[in-house]
Amino acid sequence: MAEARPAVRRRAALALVLAAGFGLVAMSWPLLAAPGGALTETTSGPWLFALLLPLVTATVVVQLSAGGLDARAVAMLGVLSAVVAAVRPFGAGAAGVETVFFLIVLAGRVFGAGFGFLLGCTGLFASALLTGGVGPWMPYQMFAAAFVGLGAGLLPRTPDTRAGRAGEVALLAGYGVVASLAYGLLMNLSFWPFALTQGGLAYVPGGGLDENLPRLVAYSVATSLGWDVGRAATTAVLLVLTGPLLLRVLRRAARRANWS
């Protein structure tokens, strides 16, 4: 059995890579769809994404379970998902203030990229059920938050010294700013193709990446940048204020659980 362990972990990593790749491609369909295709001529893109999301998430959970997820790690995932769902209503929708991304970043940093990916999915799903925010935008929220946790788990390690710990918090705060802005850009993909029908900010069906990406960026700057900056500032401040303590708490919990 011990000899098969590396192969199992490779399969878990492959499942995570494939799921992340699927999510990125599915979210970016307005930039990648071919002219005259079904996605560019209808509004089926978000709904197709929503139908495939549970299957992809279930595949990742199964593969990561085979790669080393034990009952304590599952319990930690459930607890943190519940915390995300409980605290999100205190910030979501209030001038761009978001009170959950700092927790997803910290958990992804401590427990790894796979844990962060799953927490982004399950935490946003639970919060949507709690607040009644279920709709075609929900899969985008789940995958965009999953990318936030995934990226946190892939950040470089820092020395276990006082200076290294301070640098780690600064690194996470900077990442929180970048991830929050990227989250807003990804979320705009859920409605930008249907928001405008003409003008320099409108989506051009089948226009390709070179034509539509500048339009998406311009649309984001014109419509949602204020909210995205609010999210970025809130996340960075919460990471600086709570990071030193929560990193110690989560790492103590990680030593008692098994997450590979």
Side-chain angles (χ1 to χ4, degrees), residues 16 18-33 39 42-62 64 77-105 107-108 114-152 179-195 203 216 219-220 223-224 227-228 230-232 234-235:
L16 182 61
L18 291 177
F22 163 80
L24 185 60
V25 171
M27 296 182 76
S28 304
W29 70 264
L31 305 176
L32 304 175
L39 293 179
T42 68
T43 59
S44 61
W47 292 107
L48 180 62
F49 185 22
L51 291 174
L52 292 176
L53 175 61
L55 177 61
V56 174
T57 305
T59 302
V60 175
V61 171
V62 170
L64 289 179
L77 180 64
V79 168
L80 290 178
S81 298
V83 172
V84 168
V87 303
R88 190 165 186 242
F90 291 100
V97 174
E98 284 281 5
T99 53
V100 298
F101 286 96
F102 82 101
L103 185 58
I104 295 174
V105 169
F115 190 98
F117 184 88
L118 288 179
L119 179 61
C121 282
T122 58
L124 270 292
F125 177 73
S127 71
L129 294 181
L130 182 65
T131 60
V134 178
W137 58 84
M138 186 180 72
Y140 286 82
Q141 290 181 333
M142 291 171 63
F143 254 113
F147 284 128
V148 173
L150 176 68
S180 296
L181 296 175
Y183 176 89
L185 189 67
L186 289 174
M187 283 304 303
N188 283 342
L189 286 168
S190 66
F191 56 84
W192 165 63
F194 318 112
Y203 169 62
L216 171 63
Y219 175 83
S220 299
T223 61
S224 66
W227 295 81
D228 297 337
R231 181 188 304 111
T234 305
T235 301

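Everything quoted here is computed from the prediction, not taken from an experiment. The analysis underlying the following values was restricted to heavy atoms, covering all of them including side chains, and did not include hydrogens, waters or symmetry mates.
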Give the minimum heavy-atom separation between [X] and [Y], together with the two atoms involved.
{"X": "A107", "Y": "L80", "result": "CB-CD1, 3.9 Å"}
{"X": "A126", "Y": "S81", "result": "CB-O, 4.2 Å"}
{"X": "M27", "Y": "L189", "result": "O-CD1, 3.3 Å"}
{"X": "L124", "Y": "Q141", "result": "CG-O, 3.8 Å"}
{"X": "T234", "Y": "E98", "result": "CG2-O, 3.1 Å"}
{"X": "C121", "Y": "A146", "result": "SG-CB, 3.7 Å"}

Donor-acceptor under 3.5 Å ([X] side chain, [Y] main chain):
{"X": "R231", "Y": "S180", "answer": "yes"}
{"X": "S190", "Y": "M187", "answer": "yes"}
{"X": "S220", "Y": "L185", "answer": "no"}

Inset, instruction - For Y183, enumerate each residue passing the ring-ring contact (aromatic ring centres under 6.0 Å, His included) test, keeping only those at least two apart in sequence or located in another chain. - result: F101
How many angstroms lie between atom [atom1] of [X] and atom [atom2] of [Y], to the nearest 0.5 angstrom?
{"X": "T235", "Y": "I104", "atom1": "OG1", "atom2": "CD1", "result": "9.0 Å"}
{"X": "L119", "Y": "L150", "atom1": "CG", "atom2": "CG", "result": "12.0 Å"}
{"X": "L216", "Y": "L31", "atom1": "CG", "atom2": "CG", "result": "6.0 Å"}

Inset, instruction - Under the side-chain hydrogen bond (donor to acceptor under 3.5 Å, both in side chains) rule, collect the residues that match up with S224, sequence neighbours excluded. - result: N188, D228
Legend entry - Aromatic plane relationship, Y219 with W192 - under 30° parallel, 30 to 60° tilted, over 60° perpendicular: tilted
Inset, instruction - State, with a plain yes or no, whether a side-chain heavy atom of F143 is found less than 4.5 Å away from one of L186. - result: no
